Amino acid sequence: MSLPETVEAIAIDSTGDIELLEKKTVPFPAHSPQNVVIKVAYGGINFIDTYYRKGLYPIKSFPQILGMEASGTITSLPTDPAVLENEEFKKRGFKVGSKVAVNFLGVHADTISVPWPKVFALPESVSLLTAAAATLQGLTAVSFVEEAYRVRAGDTVLIHTVAGGFGLLLAQLAKHAGATVIGTTSTAAKAAVARAHGADHVILYTQEDVVARVLELTGGEGVHVVYDGVGKDTFLDNFKLTRRKGTIVSVGNASGAVEPIAPLKLVEKNLALLRPTMANYIYTPEEARYYGEKLFGYVASGVLKINIFKQYPFTTEGAREAHRDLTTKGGSTVGKLVYTIGGEL
């Protein structure tokens, strides 16, 4: 198959504000014989896209295509004989026309070339739209409740911004494991959605003292683990509401990056503090397949419901609206934001 010279993509020429986002024609990224070529159907929109756009995470060169998550159909397989004979590659069962999801930087484009370990086979019952909404946050949630902190029956878990796409996944997984789930959110409508996805208690941080309410709900002990995707605005309060020998998992920077702290901060309660990244939990092809199969197995079986808030057009205006909606504090988004790039193929 001949590869395109250019692609249509959501890209930036420099880092900064939302107005820098454009749908534009850019050169097709460098292709390797170890890569899978995919015609993209949908692109999942995540906070990490805004971090790259703002310059919080480094970019090697411009123009940079944004997006870490997409779904589509395979149009070309790797040509490297070593890949084709690799047992891990064979276990995926990839064929031209296979439905797949991807987790790789630069995939909000109409056609993409992705290293094969970053491509995930989909069960027949999982749609491309659902896959685009589930992959990045789903892989993160599934690996974080198993490895960042293994959630067990009887645990009490706090999830900040529980009504977002990632928070709803964490809530369902923690509940499935047998934990009591406490969440924070901004409105009563969002609280209702969180409860429908497994949250036992929801705290409106716009109206209530989160620390006081968590301690009240836990008899003064605090929670076993906090999953905090907010960052700067909530980080220090986590130390007050986590129990002795508890764990704080810092999972994002929605309100800004967390300031450095001294290790002695952990001494008072013998706390564990992690700032993990999903990429290091799915680093090897074996790990990627394990968590990919686990995630989409949960989706196919109904353990995980994927809540899509809105689909956005694959345009400059659509990209800017999506980033604006995602980053508005206390905004109306509940669940996942998705670009319709090629649609169901």
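All heavy atoms count here, side chains included; hydrogens, waters and symmetry mates do not. Throughout, residue positions are numbered sequentially from 1 according to the sequence presented. No experiment lies behind these values; they were computed from the predicted model shown.
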For this session: Give the C-alpha distance, both sets of side-chain angles, the deciding distance and a yes or no for side chain to side chain contact (heavy atoms under 4.5 Å, CB included) between Val230 and Phe235.
Result: CA-CA 8 Å; Val230 176; Phe235 181 68; over 6 Å; no

For this session: Before giving the answer on salt bridge (Lys or Arg N to Asp or Glu O under 4.0 Å), spell out for Glu216 and Arg213 the whole-Å C-alpha distance, their side-chain angles and the decisive distance to 0.1 Å.
Result: CA-CA 5 Å; Glu216 178 186 350; Arg213 183 68 177 128; 3.2 Å; yes

For this session: Evaluate the side chain to side chain contact (heavy atoms under 4.5 Å, CB included) criterion for residues Thr184 and Val214: first the C-alpha distance (whole Å), next the side-chain angles of each, then the deciding distance (0.1 Å), finally the verdict.
Result: CA-CA 10 Å; Thr184 68; Val214 168; 5.9 Å; no

Exercise. Is there a salt bridge (Lys or Arg N to Asp or Glu O under 4.0 Å) between Lys240 and Asp237 once you walk through the steps?
Worked result: CA-CA 5 Å; Lys240 303 174 186 176; Asp237 277 349; 3.2 Å; yes

Problem set entry | Residue pair Glu146, Lys294: steps toward the salt bridge (Lys or Arg N to Asp or Glu O under 4.0 Å) verdict | CA-CA 11 Å; Glu146 182 163 330; Lys294 194 161 196 175; 2.5 Å; yes

For this session: Under the salt bridge (Lys or Arg N to Asp or Glu O under 4.0 Å) rule, what do Glu88 and Arg289 come out as? Steps first, then yes or no, please.
Result: CA-CA 8 Å; Glu88 270 300 317; Arg289 180 172 55 84; 2.8 Å; yes

Exercise. Run the side chain to side chain contact (heavy atoms under 4.5 Å, CB included) check on Ile12 and Leu66 step by step: do they pass?
Worked result: CA-CA 8 Å; Ile12 54 174; Leu66 294 183; 4.2 Å; yes

Problem set entry | Verdict with reasoning, Asp228 to Thr234, per side-chain hydrogen bond (donor to acceptor under 3.5 Å, both in side chains) | CA-CA 8 Å; Asp228 183 3; Thr234 54; 2.7 Å; yes

For this session: Test Thr75 against Ile38 for side chain to side chain contact (heavy atoms under 4.5 Å, CB included), laying out the working first.
Result: CA-CA 5 Å; Thr75 59; Ile38 297 158; 5.9 Å; no

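A donor-acceptor contact closer than 3.5 angstrom is absent between the side chains of His323 and Thr50. For the residue pair Glu286 and Tyr291, no side-chain donor N or O sits within less than 3.5 Å of a side-chain acceptor on the partner. With hydrogens and angles left out, the side-chain atoms of Glu69 and Tyr42 include no donor and acceptor closer than 3.5 Å. Side-chain contact, Asp200 with Thr180: no donor N or O sits under 3.5 Å from an acceptor N or O. Side-chain contact check for Glu22 and Thr316: no donor-acceptor pair (N or O, by modelled atom type) lies under 3.5 Å.
Dense packing is recorded around CD of Glu19, with more than 12 heavy atoms of other residues, nucleotides or ligands lying under 6.0 Å away. No more than 12 heavy atoms of other residues, nucleotides or ligands shown are found within 6.0 angstrom of NZ on Lys232.
No side-chain heavy atom of Val119 sits under 4.5 Å from any side-chain heavy atom of Arg92. Between Ser98 and Thr73 there is no side-chain heavy-atom pair separated by less than 4.5 Å. Counting heavy atoms from C-beta on, the side chains of Leu105 and Met68 come closer than 4.5 Å. No side-chain heavy atom of Ile182 sits less than 4.5 Å from a side-chain heavy atom of Ile159. For the pair Ile203 and Asp209, the minimum side-chain heavy-atom distance is 4.5 Å or more. Counting heavy atoms from C-beta on, the side chains of Leu3 and Val37 come closer than 4.5 Å. Within the 4.5 Å cutoff, side-chain heavy atoms of Leu168 are placed close to those of Val193. A 4.5 Å side-chain heavy-atom check between Tyr339 and Ile45 finds at least one atom pair inside the cut-off.
Remark: aromatic rings of Phe166 and Tyr227 are distant, center separation not under 6.0 Å.
Across Thr15 and Phe62, no two heavy atoms sit closer than the pair CG2-CZ, 3.9 Å. When all heavy atoms are compared, the tightest approach of Phe314 to Asp110 is CZ-N, 4.2 Å. Of all the heavy atoms in Thr218 and Gly222, the pair that sits closest is OG1-N, 2.9 Å. The minimum heavy-atom distance between Ser186 and Thr206, with the atom names listed, is O-OG1, 3.0 Å. Between Ala30 and Asn35 the shortest heavy-atom distance is O-ND2, 4.4 Å. Taking each heavy atom of Ala179 and Val157 in turn, the nearest pair found is CB-CG2, 3.9 Å.
Relative to the six-membered ring of Phe309, Lys336 misses at least one condition, a distance below 6.0 Å or an angle of at most 45° to the axis.
In this structure a side-chain-to-backbone donor-acceptor pair under 3.5 Å is present from His224 to Thr156. Checked by atom type and distance alone, the side chain of Glu287 pairs as donor or acceptor with a backbone atom of Thr284 at under 3.5 Å. In this structure, the side chain of Thr187 engages the main chain of Lys190 through a donor-acceptor pair within 3.5 Å. Remark: the backbone N or O of Gly318 is paired with a side-chain donor or acceptor of Thr315 at under 3.5 angstrom. Judged by distance alone, the side chain of Thr161 and the main-chain N or O of Gly164 form no donor-acceptor pair under 3.5 Å. Arg244 places no side-chain N or O within 3.5 Å of a backbone atom of Asn270 that could act as its donor or acceptor partner. Side-chain atoms of Ser71 come within 3.5 Å of backbone N or O of Leu128 as a donor-acceptor pair. Asp80 contributes a side-chain N or O that, together with a main-chain N or O of Ala82, makes up a donor-acceptor pair within less than 3.5 Å. Between the Arg152 side chain and the Arg150 main chain, a donor and an acceptor come within less than 3.5 Å of each other. Under the 3.5 Å distance criterion, the side-chain polar atoms of Thr135 are left unmatched by any main-chain donor or acceptor of Ala132.
To the nearest 0.5 Å, atoms CG (Asp49) and CD1 (Ile10) are separated by 10.5 Å. Atom OH of Tyr51 is separated from atom CZ of Arg53 by 11.0 Å, given to the nearest 0.5 angstrom. Separating the CG atom in Leu122 from the CD atom in Glu293 is a distance of 11.5 Å, to the nearest 0.5 Å. Summarising the geometry, atom OH belonging to Tyr281 is positioned 13.0 Å from atom OH belonging to Tyr290; distances are rounded to the nearest 0.5 Å.
With hydrophobic clusters built from ILVMFWY side chains whose heavy atoms lie under 4.5 angstrom apart, Tyr205 does not share a cluster with Phe239. In terms of hydrophobic clustering, with Ile, Leu, Val, Met, Phe, Trp and Tyr side chains grouped at heavy-atom distances under 4.5 Å, Leu204 and Val223 are assigned to different clusters. Linking Ile, Leu, Val, Met, Phe, Trp and Tyr residues whenever their side-chain heavy atoms come within less than 4.5 Å leaves Leu295 and Tyr283 in two separate clusters. A continuous path of Ile, Leu, Val, Met, Phe, Trp and Tyr side chains, each step under 4.5 Å between heavy atoms, connects Tyr149 with Leu139, placing both in one hydrophobic cluster. Both Val303 and Val126 are part of a single hydrophobic cluster, where members link through side-chain heavy atoms under 4.5 Å apart.
Under the 4.0 Å criterion applied to side-chain N and carboxylate O atoms, Lys24 and Glu8 are not assigned as salt-bridge partners. Ion pairing between Glu317 and Lys23 fails under the 4.0 Å rule for side-chain N and carboxylate O.
When the options Val145, Leu158, Thr247, Thr242 are evaluated for a side chain to side chain contact (heavy atoms under 4.5 Å, CB included) with Val225, the one that passes is Thr247.
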